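These numbers were taken from a predicted model, which means no experiment stands behind them.
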Amino acid sequence: MKIGIIPRIRIFNKNQIEYCVEEKLIVFLNKIYRNSSIVFLNELKKNNNFQILIISGGNDLIKFSNLKENYIKNKITKYYLKRSIKKKIIVIGICYGAQFIANFFKCKLNKTKKHVGSHRIIFEKNNFNLKLKKNDFTNSYHTYLIKKVSKKIKPLARANDNSIEAFKHKKYKIYGVMWHPERNRIIKKFNIEYFKKFK
């Protein structure tokens with residue numbers, strides 16, 4: 001299996017661009033999708049073929065920040081998300097990725113100061129969440145939350161403030177999680193179980 005990852009983008013000294021993917025994310029993905037190869041999607045290429053698209057964390061949506069690196073990541077993400085929808089490729093958004101997908105499908109996002117650190121998530125009662133505990137604890141590193149979903153998006157998990165922590169598209173194989181499964185010191189069992197469901 002081939003996995004395409006859209007990296008975090010940083011700009012130094014006004015024009016030096018750095019594309020970053022956390023090593024722990026690669027370790028985590030290799031635990032879930034064994035014998036997979038990874039390609040980094042830092043430019044627009046029609047011949048980049050993959051079976052899963054990962055939109056990684058890092059950066060802000062351009063509606064919230066006009067930094068150059070956010071515009072670059074927006075352009076790359078929009079290109080590969082549209083291409084993945086057309087080709088019916090699995091898409092998984094992590095943190096920024098989840099926010100981008102939610103915004104793309106017209107969900108409502110708000111700024112928050114309360115989602116940095118560890119907090120509880122409550123899993124919705126539905127078939128997707130079968131065999132999972134009612135709730136669990138996870139990390140949080142975002143300053144924007146998904147307040148309300150559109151008709152095309154199905155919530156899968158919520159925080160105590162009722163914001164959306166995980167979701168899936170009702171038609172396409174598109175998923176989003178607001179936490180970083182790769183940043184736990186020990187990979188949590190529910191993260192492995194959850195990502196295995198994304199297929």
request  = Over all heavy atoms of both residues, which pair between N49 and R83 is shortest? Give the atoms and the distance, please.
outcome  = OD1-NH2, 3.5 Å
request  = State, without any angle test, whether W179 and N191 hold a side-chain donor-acceptor pair at a distance under 3.5 Å.
outcome  = yes
note = For R8, the side-chain contact (heavy atoms from CB on, under 4.5 Å) test, sequence neighbours excluded, returns R10, C20, N59
inquiry  = So, taking the atom named NZ in K154 and the one named NZ in K168, what distance separates them when rounded to the nearest 0.5 Å?
reply    = 6.0 Å
ask   = Would you call R158 and E124 a side-chain contact if the rule is heavy atoms closer than 4.5 Å?
value = yes
task = State yes or no: do I174 and I5 share one hydrophobic cluster built from I, L, V, M, F, W and Y residues joined by side-chain heavy-atom distances below 4.5 Å, directly or via other members?
result = no
request  = For the pair K170 (side chain) and K151 (backbone), establish whether a donor and an acceptor sit closer than 3.5 Å, ignoring hydrogens and angles.
outcome  = yes
ask   = Hey, are the side chains of L44 and K75 touching, using non-hydrogen atoms and a 4.5 Å cut-off?
value = yes
Review item, side-chain donor-acceptor pairs of residues 90-110, under 3.5 Å, at least two apart:
{"residue": "N103", "atom": "OD1", "partner": "K63", "partner atom": "NZ", "Å": "3.1"}

query = Are V177 and I55 connected in the hydrophobic side-chain network, where two residues link if heavy atoms are under 4.5 Å apart?
reply = no
request  = Output all residues satisfying ring pair (Phe, Tyr, Trp, His ring centres under 6.0 Å) with Y172, sequence neighbours left out; order by chain, then residue number.
outcome  = H169
key: Nearest non-hydrogen partners of F50 and S84, listed with the distance   = CE1-OG, 3.8 Å
inquiry  = Counting C-beta onward and ignoring hydrogens, is there a side-chain heavy-atom pair between N48 and L41 closer than 4.5 Å?
reply    = yes
request  = Would you check, one step at a time, whether the test side-chain contact (heavy atoms from CB on, under 4.5 Å) holds for N139 with N184?
outcome  = CA-CA 8 Å; N139 59 50; N184 294 313; 3.3 Å; yes
By side-chain contact (heavy atoms from CB on, under 4.5 Å) - contacts of S140 (at least two apart) = H115, H119, H142
request  = Can you measure from OG1 (T112) to NZ (K147) and round to the nearest 0.5 angstrom?
outcome  = 8.5 Å
remark   = Interatomic distance, CG@N70 vs CG@L61, rounded to 0.5 Å, equals 8.0 Å
Can you give me every donor-acceptor pair (side chain of residues 28-39, partner residue at least two apart or in another chain, under 3.5 Å) with its distance?
{"residue": "N30", "atom": "OD1", "partner": "S36", "partner atom": "OG", "Å": "3.3"}
{"residue": "N30", "atom": "ND2", "partner": "I26", "partner atom": "O", "Å": "3.2"}
{"residue": "Y33", "atom": "OH", "partner": "F195", "partner atom": "O", "Å": "3.1"}
{"residue": "S36", "atom": "OG", "partner": "Y33", "partner atom": "O", "Å": "2.7"}

task = With the side chain counted from C-beta on, respond yes when P181 and K24 share a heavy-atom pair under 4.5 Å apart, and no when they do not.
result = no
task = Identify whether I153 and M178 are in the same connected component of the hydrophobic contact network (ILVMFWY, side-chain heavy atoms under 4.5 Å).
result = yes
query = Is it true that a side-chain atom of D161 and a backbone atom of S163 form a donor plus acceptor pair closer than 3.5 Å?
reply = yes
Partners meeting ring pair (Phe, Tyr, Trp, His ring centres under 6.0 Å) with F123 (sequence neighbours left out) = F190, Y194
ask   = If we only count heavy atoms from C-beta on, is the L67 to D60 side-chain gap below 4.5 Å?
value = no
ask   = Taking side chain as C-beta onward, heavy atoms only, is F198 less than 4.5 Å from K173?
value = no
ask   = Does F40 belong to the same Ile/Leu/Val/Met/Phe/Trp/Tyr cluster as L53, with side-chain heavy atoms less than 4.5 Å apart forming each link?
value = no
key: Side-chain donor/acceptor of N126 to backbone N/O of F128, under 3.5 Å   = yes
remark   = Residue set satisfying side-chain contact (heavy atoms from CB on, under 4.5 Å) with N160, at least two apart, ordered chain then number -> R120, I122
key: N129 side chain to L156 backbone, donor-acceptor under 3.5 Å   = yes
query = How many angstroms lie between CG in N42 and CD1 in I6, if you round to the nearest 0.5 Å?
reply = 10.5 Å
query = Just how far is it from atom CD1 of I164 to atom CG of N162, taken to the nearest 0.5 Å?
reply = 6.5 Å
query = With sequence neighbours left out, what residues match K199 under salt bridge (Lys or Arg N to Asp or Glu O under 4.0 Å)?
reply = none
query = Residues two or more places apart in sequence or in another chain: which of them pass ring pair (Phe, Tyr, Trp, His ring centres under 6.0 Å) with Y71?
reply = none
inquiry  = What I'd like to find out is whether the side chain of Q16 reaches to under 4.5 Å of the side chain of I11, using heavy atoms alone.
reply    = no
Co-membership, hydrophobic cluster, residues Y79 and I17, 4.5 Å side-chain = yes
ask   = What pairs with E69 under salt bridge (Lys or Arg N to Asp or Glu O under 4.0 Å), at least two apart in sequence or on another chain?
value = none
query = For E193, which residues count as a side-chain contact (heavy atoms from CB on, under 4.5 Å) partner, sequence neighbours excluded?
reply = L132, K189
query = Hey, are E43 and K45 close enough for a salt bridge, meaning a charged N less than 4.0 Å from a carboxylate O?
reply = yes
inquiry  = Show the nearest heavy-atom pair for residues F137 and K188, with the distance to one decimal.
reply    = O-NZ, 2.6 Å
ask   = Does I9 reach the side chain of K68, with side-chain heavy atoms less than 4.5 Å apart?
value = no
request  = For F64, enumerate each residue passing the ring pair (Phe, Tyr, Trp, His ring centres under 6.0 Å) test, keeping only those at least two apart in sequence or located in another chain.
outcome  = Y144
ask   = Can you tell me how far the NZ atom of K82 sits from the OG1 atom of T77, to the nearest 0.5 Å?
value = 12.5 Å
